[in-house]
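In what follows, a single structure is set out as structure tokens and then discussed.
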Amino acid sequence: MQEERLKLPILSEEQVIMEAVAEHPVVIVCGETGSGKTTQVPQFLYEAGYSSDDSIIGVTEPRRVAAVAMSQRVAKEMNLSQRVVSYQIRYEGNVTEETRIKFMTDGVLLKEIQRDFLLSQYKVVIIDEAHERSVYTDILIGLLSRIVSLRAKRLLPLKLIIMSATLRVEDFTQNQRLFATPPPVIKVESRQFPVTVHFNKRTPLEDYSGECFRKVCKVHRLLPAGGILVFLTGQAEVHTLCRRLRRAFPHARPRPPENEDQKDSVEETQKFKKSRARARKAQAATLPQISLDSYSVLPAGEGDEDREAEMDDEEALGSDLDLDLADDGADGGEQPDASLPLHVLPLYSLLAPEKQAQVFQPPPEGTRLCVVATNVAETSLTIPGIKYVVDCGKVKKRHYDRVTGVSSFRITWVSQASADQRAGRAGRTEPGHCYRLYSSAVFSDFEQFPPPEITRRPVEDLILQMKALNIEKVVNFPFPTTPSVEALVAAEELLISLGALQAPQKAERAKQLQRSRLSCPITALGRTMATFPVAPRYAKMLALSRQHGCLPYAITIVAAMTVRELFAELDRPAASDDELTMLKARRARVAHMKRTWAGQGTSRSLGDLMVLLGAVGACEYSGCSPQFCETNGLRLKAMLEIRRLRGQLTTAVNSVCPEAGLFVDPKMQPPSESQVTYLRQIVTAGLGDHLARRVQSEDLLDDKWRNAYKTPLLDDPVFIHPSSVLFKELPDFVVYQEIVETSKLYMKGVSAVEAQWIPALLPSYCQFDKPLEEPPPSYCPEKGRVLCHRASVFYRVGWPLPAVQVDFPEGLDCYKHFARFLLEGQVFPTLAPHRGCLLSSPTTMLKTWARLQPRTEILLRALVAERADCRDALLAAWRKNPKYLLAEYCAWLPQAMHANIEKAWPPTSDL
DNA sequence: GAGCACTGC
């Protein structure tokens with residue numbers, strides 16, 4: 001091990017790095033995979049004494065596995081115990097008093113900043129893999145730039161080291177707001193084996209899967225031993241290619257029958273016609289950029305012929321390993337056959353862990369390993385023994401519409417950096433080759449780097465975290481790359497309507513809306529919500545769930561909504577008739593179980609969220625056995641994650657609200673009928689901006705509105721997803737977890753809402769009419785407020801909503817009603833006995849001619865002067881002045897009673 | 001009547 005370490009190129013840079021760290025508060029270290037920076041830099045710092053005096057060297061990683069693995073590796077290299085070199089991730093850690101080097105995920109450090117803004121335990125913080133630009137990394141760098149200067153002022157300097165695998169660091173160095181003086185950048189060589197890159201001469205306009213198939217066949221038939229790694233974009237593609245390859249190179253049967261191959265190809269073409277049509281559409285949009293005919297954009301001298309010639313030179317370097325020359329369809333048959341069986345394995349993130357693990361095993365004796373993977377293999381997982389990479393050049397990414405929040409999945413070209421990262425996977429153990437299924441001209445049109453995540457997704461969760469750190473003006477925060485203003489505004493608006501931020505005052509609203517919008521302070525509710533490590537909409541649900549014993553259920557639902565893909569993928573193409581029968585049976589079983597878990601009546605109205613609750617409840621009841629998951633189509637990994645998240649949320653709720661005394665009950669009973677109703681309301685309150693209404697009189701509309709819903713922000717019809725238990729139910733109002741655009745706009749995670757709940761639970765989205773006279777306003781002794789009935793309409797879309805009882809709106813009329821109830825003795829019962837002696841009827845307060853009577857006028861004025869339109873305000877006024885309102889009240893009663901009233905004033909013992 | 005890449009608290 002020590003020998004291995006000595007080979008690392010970074011060791012010759014130790015002095016340069018340590019001098020830079022000594023002289024500068026912030027240092028950037030750039031070195032590709034294989035430079036050893038992650039394992040070595042912490043050791044340099046340790047040896048230089050940066051963890052003396054009980055302080056710690058912190059290292060953040062963007063993934064949990066990396067944090068755990070790195071801590072173990074560094075402990076071993078340094079011959080130190082894991083008590084000294086430790087890790088901390090979301091659910092677990094082995095940090096002790098002795099810990100000096102602490103590896104953690106970036107989110108963990110962000111939480112620590114919430115507890116101790118100055119991070120006083122640390123003398124150095126290393127942000128690893130900063131080039132990946134994950135949202136937490138970006139926010140950490142922004143925060144740390146401030147923490148570094150605060151610590152310098154206190155003469156307790158903190159060192160920040162940003163480590164990046166690429167040289168794309170201008171966002172850090174050229175950003176004056178982030179670092180006033182640009183930090184020094186130290187480059188470290190890497191010790192990778194060379195990878196020869198081969199471009200296709202032509203770029204297939206569609207069917208890159210077929211192109212992958214042909215390329216793998218050729219590599220396998222023509223080239224020496226060594227694993228093959230193929231990059232595709234999704235699960236379905238991965239499975240299809242695996243199947244084709246297995247048929248082409250069956251184990252123990254080396255010769256692939258050519259016609260079989262053809263037939264398969266036709267079959268697949270049929271089957272995936274739809275998805276190809278979509279892919280074609282996506283490609284058509286980008287076609288102008290990649291057209292091989294538009295050479296006019298190239299510099300002079302790089303015309304058609306030159307390019308071909310240049311390519312040929314390039315390819316000549318690849319010598320016998322170059323496969324492009326055989327691109328004329330004469331593959332297979334006449335080529336020399338290696339007769340080597342191909343060991344084909346799929347790999348993607350949602351694949352069961354035991355199946356993922358197969359790619360790390362050596363392939364069976366006498367076979368060649370071929371892994372067909374999605375992007376997981378680009379950064380998250382490293383497969384040993386790969387010598388050949390086949391890269392389709394595409395990636396599937398989630399795309400959010402900034403205005404509507406609708407997400408869709410799009411297949412686009414990767415960036416140059418990603419393509420290089422993929423190529424690098426061929427050079428981990430020996431020199432390798434990368435076959436790119438696109439031309440070098442197309443490659444040169446790729447974006448240089450993928451855009452930072454923070455610019456591609458909603459940011460309400462980040463904004464809430466920042467507000468909890470008392471960063472009010474988020475636009476002024478030194479983001480390495482700032483999110484769009486629309487995204488920031490949308491986040492603040494959502495947080496305001498959830499009650500997590502204070503709404504700007506009405507006066508301000510008129511004047512300087514934009515400015516005040518982006519600097520709203522956090523509310524007490526917002527602080528509570530920020531302690532729950534889930535999306536703000538879900539945090540709101542938790543904050544509401546103390547009532548009626550709903551917490552354990554709300555926690556479970558929120559945990560299940562947070563963990564992705566509860567149900568296993570059963571739609572994959574079957575490899576055999578047996579598998580097909582099995583898949584069909586399992587799909588039927590899952591559909592049946594979903595209906596069972598949804599139940600009947602109000603329970604069914606909770607919809608897909610009831611299914612989540614039922615599934616988790618049943619699974620936990622079974623002890624979360626792999627068998628239970630298997631037969632019911634649940635992903636064991638998802639269920640275990642939900643269990644851990646329930647534990648974490650339970651702890652979080654208990655610490656906000658110790659009297660709840662919650663625990664995770666594996667034998668949780670189903671919620672009662674009334675609890676389900678409360679849960680439905682809790683869910684409605686959290687998902688208020690995700691409300692949809694069944695279209696009215698749809699028979700009059702275009703056919704495209706059949707079974708459709710309307711939402712406030714979308715003009716197009718949206719639909720309940722066919723996998724939803726409410727698919728055929730079509731309730732008048734629903735809330736949904738998300739809308740995904742595929743062939744249509746589909747709502748997923750759907751729950752039914754009663755119309756009368758909307759104005760009561762989502763008042764901030766409703767525009768209310770004047771208070772109704774019938775039923776008349778009343779006084780609520782519990783709230784100490786005047787209530788009334790009001791009709792309303794839902795914002796933007798103007799959906800009419802039924803009149804419901806709400807607080808009487810602020811204004812003169814509210815004082816009048818309150819005065820009346822006060823005189824009637826409803827507010828303070830000790831005043832009730834005087835009622836018969838009043839000189840005027842209390843309802844006089846409400847009459848339009850009330851001003852004719854001085855006693856109504858003076859009472860009203862006195863109430864308005866202290867803003868006393870409810871009991872609490874009145875009590876507050878009496879705390880300041882116990883004689884408050886005495887004279888005004890006495891004006892309503894005969895002189896003879898005044899002395900006794902004065903003795904018993906104020907008429908309450910609640911002060 | 002369907003088809004979603006990848007991650008962190």
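Numbered from 1 within each chain, the chains take letters A, B, ... in sequence-line order. Basis for what follows: all heavy atoms, side chains included, without hydrogens, waters or symmetry-related copies.
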Between A:Thr105 and B:dT7, does any side-chain N or O lie under 4.0 Å from OP1 or OP2?
-> no
Using a heavy-atom cut-off of under 4.0 Å over every strand shown, decide if A:Arg63 touches base, sugar-phosphate, or nothing. sugar-phosphate
Within residues 532-540 of chain A, those residues having any heavy atom closer than 4.0 Å to DNA chain B are A:Pro533
Remember a base hit wins even if backbone is also touched, and classify A:Glu738 as base, sugar-phosphate or nothing at under 4.0 Å, heavy atoms.
base
Picking from B:dG3, B:dG1, B:dG8, the nucleotide nearest the side-chain atoms of A:Thr742 would be B:dG3
- Task: Taking atom types as modelled, find out whether A:Thr137 and A:Glu129 have a side-chain donor-acceptor pair closer than 3.5 angstrom.
- Result: no
Between OH of A:Tyr746 and P of B:dG3 the distance, given in whole Å, is 6 Å
Q.
Counting the atoms with a prime plus P, OP1 and OP2 as sugar-phosphate, which does A:Arg564 contact under 4.0 Å by heavy atoms, base, sugar-phosphate, or nothing?
A. base
message: Under a 4.0 Å threshold between the charged nitrogen and the carboxylate oxygen, would A:Asp420 count as salt-bridged to A:Arg436?
response: yes
Sorted by chain and residue number, the side-chain hydrogen bond (donor to acceptor under 3.5 Å, both in side chains) partners of A:Arg589 (sequence neighbours excluded) come out as A:Asn632
In whole angstroms, the gap separating P of B:dG8 from OH of A:Tyr136 amounts to 10 Å
A:Leu745 CG to B:dG3 C1', in whole Å, measures 16 Å
_Is the distance from the ring center of A:Tyr736 to that of A:Tyr709 below 6.0 Å?_
no
Testing B:dG8, B:dC6, B:dG1 for proximity to the side chain of A:Asn707, the answer is B:dG1
Pair A:Gln648, A:Arg90: side-chain N/O donor-acceptor within cut-off below 3.5 Å:
yes
Classify the nucleic acid contact of A:Arg457 as base, sugar-phosphate or nothing, counting any heavy atom under 4.0 Å across all strands shown.
base
A:Asp106 has its side chain closest, among B:dG8, B:dC9, B:dC4, to B:dG8
Base, sugar-phosphate alone, or nothing: which one does A:Val395 contact when heavy atoms must sit under 4.0 Å apart? nothing
note: A:Glu569, atom CD; B:dA5, atom C1'; distance rounded to Å ~ 13 Å
Flag for A:Gln737-A:Tyr538: side-chain donor and acceptor within less than 3.5 Å
yes
Testing B:dT7, B:dA5, B:dG1 for proximity to the side chain of A:Glu453, the answer is B:dT7
Ranking A:Gly107 and A:Phe409 by the position along DNA chain B of their nearest nucleotide, the one closer to 5' is A:Phe409
- Message: For a quick check of understanding: with a heavy-atom distance under 4.0 Å over all strands, which category does A:Ser380 fall into, base, sugar-phosphate or nothing?
- Response: sugar-phosphate
Rounded to whole Å, the CD1-P distance (A:Ile139 to B:dG8) equals 17 Å
Distance-only donor-acceptor check, side chains A:Ser209 and A:Arg244, under 3.5 Å: no
Side-chain N,O (A:His239) to OP1/OP2 (B:dG3) below 4.0 Å = no
Original post:
With sugar-phosphate meaning primed atoms plus P, OP1 and OP2, does A:Phe719 contact a base, only sugar-phosphate, or nothing at under 4.0 Å between heavy atoms?
Top reply: nothing
Discussion item. Regarding A:Tyr122 and A:Lys102, do their side chains bring together a donor and an acceptor under 3.5 Å, going by distance alone?
Written reply: yes
Reckon A:Lys748 touches a base, only the sugar-phosphate, or nothing at all at heavy-atom distances under 4.0 Å?
base
Here the distance between atom C1' of B:dT7 and atom OH of A:Tyr91, to the nearest Å, is 13 Å
Of B:dC9, B:dG1, B:dT7, the nucleotide closest to the side chain of A:Arg64 is B:dC9
note: A:Gln356, atom CD; B:dC6, atom P; distance rounded to Å ~ 9 Å
Only residue of A:Leu229, A:Thr374, A:Val371, A:Val238 satisfying side chain to side chain contact (heavy atoms under 4.5 Å, CB included) with A:Leu347 is A:Val371
With the side chain defined as heavy atoms from C-beta on, A:Val135 is closest, among B:dC4, B:dT7, B:dG8, to B:dG8
* Asked: Checking all strands, does A:Ser723 fall into the base, sugar-phosphate, or nothing category for heavy-atom contacts under 4.0 angstrom?
  -> nothing
So what does A:Ser134 touch, heavy atoms closer than 4.0 Å: a base, only the sugar-phosphate, or nothing? nothing
Rounded to whole Å, CD of A:Glu129 lies from P of B:dT7 at a distance of 14 Å
